[in-house]
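For ligands, and for the atoms within them, numbers begin at 1 and follow the listed sequence. Just so it is clear, the model here is predicted, and its values are computed rather than measured.
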Amino acid sequence: MDRGLEAAVLVTGGAGYIGAHTAKALHERGLTPVIYDSLSSGYREAVRWGHFVQGDIRDGRALADTIQAHGVTAAIHFAGLIEVGRSVARPDLFWEHNVAGTVTLLSALSEHGVGRLVFSSSAAVYGQGGRGPLETIPEDAVKAPASPYGDTKLACERMIEAQCAAYGLTAVALRYFNAAGADPSGLIGEAHEPETHLIPLAIAAALGEGPPLTVFGTDFDTPDGSCLRDYIHVNDLAAAHVAALEADLPQGAFEAVNVGTGYGASVLQVVGAVGRAVGRPVPYTIGARRTGDPASLVADVARAGSLLDWTPKSSSLDRIVADALRWERCPCYGSGRRSAGKQHGAEAAV
Ligand code: UDP
C-alpha cells in the first residue's frame, strides 16, 4: 500500500482483542488506525490509538461516511461473531454478521476506491485439520469447517477472492491459529465475555479467581493425550497484519496465509506453564472431549515467511503466559468477565 505518515487504515472490530493490538502496531508503524466498532463486545477503553467511530458492520452508510471522513486507503476487517459453540445454536446470526457484514464492507470499499484489505480468517476453515494428527497444516489443505463459524470465515474468503478478481481489490486473509497473550504495556489484553479460552481460564483457576480448569479430554492421539494447539502471541499476530497490509502484491491478488508458530503445545503443557508462571499449580480436572475439537491444529508457516517476510518473535509459551498473566492480574477493562452468568450482547469484535 501507499504508506505515508497520514495513511488511514479502517480497522473494523478494532476495539476487540486482536483488533486493539493491531491498532497499536499500525500506530507504531506511523499509520493512523480508524477504529470502527459497535462496542457490543469490544471495549472503548481498548481504543487508545487513532480515531474511533461507533458503528455496526452491517451499516453501509456509516461505513461509507467513515471511509470518506477519514480518507481511508486500506482496511483490516475483524468485526464479526467469534464463539464457535454459539454459531451452532445461531447460524443465522453468524451468516448475517460475518458474511452479510463483509458484503456490506466490500461494497463500501469498492464504492470509495479502497484497494487494500486484510481479513481476519481462522484455522477453523480447516475443520478437523491436517493429513495426520501431528502434521502441520499448509494453506492448501482440505477446507472442511466443523462449525457454522468456520463456514462463515471460508465463505468470506471466497467472496473476497472473487471481489479481488472482479474489482482489482488486493487482499490477504490471515488464518489465525490460537491467539494468546497480551501487550506487555498492560494497557490492552484479552477480555472475552464469556471467556472460553484455555490460557485465561487456566490463569484464573491458578489465581483462585475462577473454578478449577476442566481439561477437555486426555484420550487424543497426541504425545500426552491432550489436544495440541499452535499458540501465537497477539503482538506477533498484530505484526502479521501490518506485514500483510504492506506486502508487495500485484493489484487484484488474493492470498490466504496461516499465522502461527509451526509448533504445537498440549493443553497439559499449557497447564504446566501457567502453574510455573503463577507459582502455584493450576487446579484441574479431566473432563470429556469438547464437541468438534480436533486432536491437533498446528500451522505450516512457510508461506507467512516467504510472502509476508514475517516470523513470530514473542511466541514462546512462557512469554505468552507471562504476558497473559500480567494482564489477568491487572486488567484495564473487562474485569467483571468471570462473574457468574455475566454475558454481553451478540456482536463480537474478535
Ligand atoms: N481447553 C480445555 N479446557 C478449557 C478450554 C479449552 O481443555 O476450559 C482446550 C481445548 O479443548 C483446546 C485448547 O484448550 O484443545 C484450546 O482451546 P481454546 O478454546 O483456547 O481455543 P480453540 O483451539 O478452541 O480455538
Side-chain angles (χ1 to χ4, degrees), residues 16-18 80-88 94 120-130 133-134 136-137 145-153 174-182 189-207 209-234 237 258-261 263-275 282-299 315 317 320-321 323-325 327-328 337-338 348 350:
Y17 173 44
I18 304 170
L81 304 180
I82 62 162
E83 291 157 36
V84 173
R86 186 147 189 263
S87 78
V88 177
F94 277 66
S120 167
S121 190
S122 169
V125 300
Y126 299 116
Q128 286 303 304
L134 297 180
T136 58
I137 305 172
S147 68
Y149 167 72
D151 285 333
T152 64
K153 288 294 175 185
L174 296 179
R175 294 178 182 153
Y176 312 153
F177 282 66
N178 286 63
E190 187 166 12
H192 295 117
E193 299 191 22
E195 187 54 78
T196 60
H197 292 106
L198 175 63
I199 291 177
L201 291 178
I203 290 173
L207 292 174
E209 293 177 2
L213 183 76
T214 302
V215 172
F216 295 143
T218 53
D219 58 348
F220 290 92
D221 181 16
T222 60
D224 67 17
S226 64
C227 286
L228 286 175
R229 292 290 181 273
D230 187 339
Y231 296 91
I232 177 84
H233 195 293
V234 65
L237 201 43
N258 288 339
V259 190
T261 65
Y263 297 96
S266 74
V267 174
L268 293 175
Q269 284 174 318
V270 171
V271 164
V274 170
V282 176
Y284 71 90
T285 56
I286 294 172
R289 292 184 179 196
R290 188 171 62 178
T291 308
D293 258 347
S296 167
L297 277 177
V298 181
S315 292
L317 188 55
I320 287 173
V321 168
D323 285 347
L325 177 59
W327 168 258
E328 294 292 338
R337 66 193 177 283
R338 289 192 286 269
V350 178

- Query: So is there a nitrogen or oxygen of His197 less than 3.5 Å from a nitrogen or oxygen in ligand 1?
  - Reply: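 No - when backbone and side-chain N and O of His197 are compared with those of ligand 1, no distance drops under 3.5 Å.
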- ligand 1 and Cys227, any nitrogen or oxygen pair closer than 3.5 angstrom?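 N/O-N/O distance under 3.5 Å: no.
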Which residue owns the protein heavy atom closest to [atom], what's the atom, and how far is it?
atom: atom 11 (O) of ligand 1; answer: Asp293 OD2, 2.5 Å
atom: atom 2 (C) of ligand 1; answer: Phe216 CD1, 3.3 Å
atom: atom 20 (O) of ligand 1; answer: Leu198 N, 2.8 Å
atom: atom 9 (C) of ligand 1; answer: Val267 CG2, 3.7 Å

- Knowing that exactly one of Ile137, Leu228, Asp230 qualifies, which makes a side-chain contact (heavy atoms from CB on, under 4.5 Å) with Leu297?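 Single side-chain contact (heavy atoms from CB on, under 4.5 Å) partner of Leu297 among Ile137, Leu228, Asp230: Ile137.
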- Message: Can you confirm whether Tyr284 is buried at OH, in the sense that more than 12 heavy atoms of other residues, nucleotides or ligands lie under 6.0 Å from that atom?
- Response: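 Incorrect, the count does not exceed 12.
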- Residues in side-chain contact (heavy atoms from CB on, under 4.5 Å) contact with Val270, at least two apart in sequence or another chain: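 Once residues adjacent in sequence are excluded, the partners of Val270 under the side-chain contact (heavy atoms from CB on, under 4.5 Å) criterion are Leu198, Ile199, Tyr231, Ala265, Val274, Leu317.
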With no hydrogens and no angle check, is any side-chain donor or acceptor of [X] less than 3.5 Å from a backbone partner on [Y]?
X: Arg289; Y: Asp219; result: yes
X: Glu195; Y: His197; result: yes
X: Ser226; Y: Leu268; result: yes
X: Asp221; Y: Ala295; result: no

Atoms of ligand 1, numbered as shown, that sit under 4.0 Å from any heavy atom of [X]:
X: Thr196; value: 5 (C), 19 (O)
X: Val215; value: 7 (O)
X: Asn178; value: 16 (C), 21 (O), 22 (P), 23 (O), 25 (O)
X: Leu213; value: 8 (O)
X: Leu201; value: 8 (O)
X: Thr214; value: 2 (C), 3 (N), 4 (C), 7 (O), 8 (O)
X: Tyr231; value: 13 (C), 16 (C)
X: Arg290; value: 10 (C), 11 (O), 12 (C), 17 (O), 18 (P), 19 (O), 22 (P), 24 (O)

- Give the C-alpha distance, both sets of side-chain angles, the deciding distance and a yes or no for side chain to side chain contact (heavy atoms under 4.5 Å, CB included) between Tyr176 and Ile232. CA-CA 8 Å; Tyr176 312 153; Ile232 177 84; 5.7 Å; no
- Message: Set out, in order, the CA-CA distance, both residues' side-chain angles and the distance that settles side chain to side chain contact (heavy atoms under 4.5 Å, CB included) for His233 and Asp323, then state yes or no.
- Response: CA-CA 9 Å; His233 195 293; Asp323 285 347; 2.8 Å; yes
- Message: I'd like to know whether Arg175 forms a side chain to side chain contact (heavy atoms under 4.5 Å, CB included) with Val125, so could you lay out the CA-CA distance, the side-chain angles of the two residues, the decisive distance to 0.1 Å, and finally the verdict.
- Response: CA-CA 8 Å; Arg175 294 178 182 153; Val125 300; 3.7 Å; yes
- Measuring from the heavy atoms of Phe177, does anything fall under 4.0 Å of ligand 1?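 No; Phe177 lies far enough from ligand 1 that no heavy-atom distance drops under 4.0 Å.
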- Message: If we set the cut-off at 4.0 Å for heavy atoms, which region of Val84 has an atom near ligand 1: side chain, backbone, both, or neither?
- Response: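 For Val84, there is no contact with ligand 1 at all, from either part.
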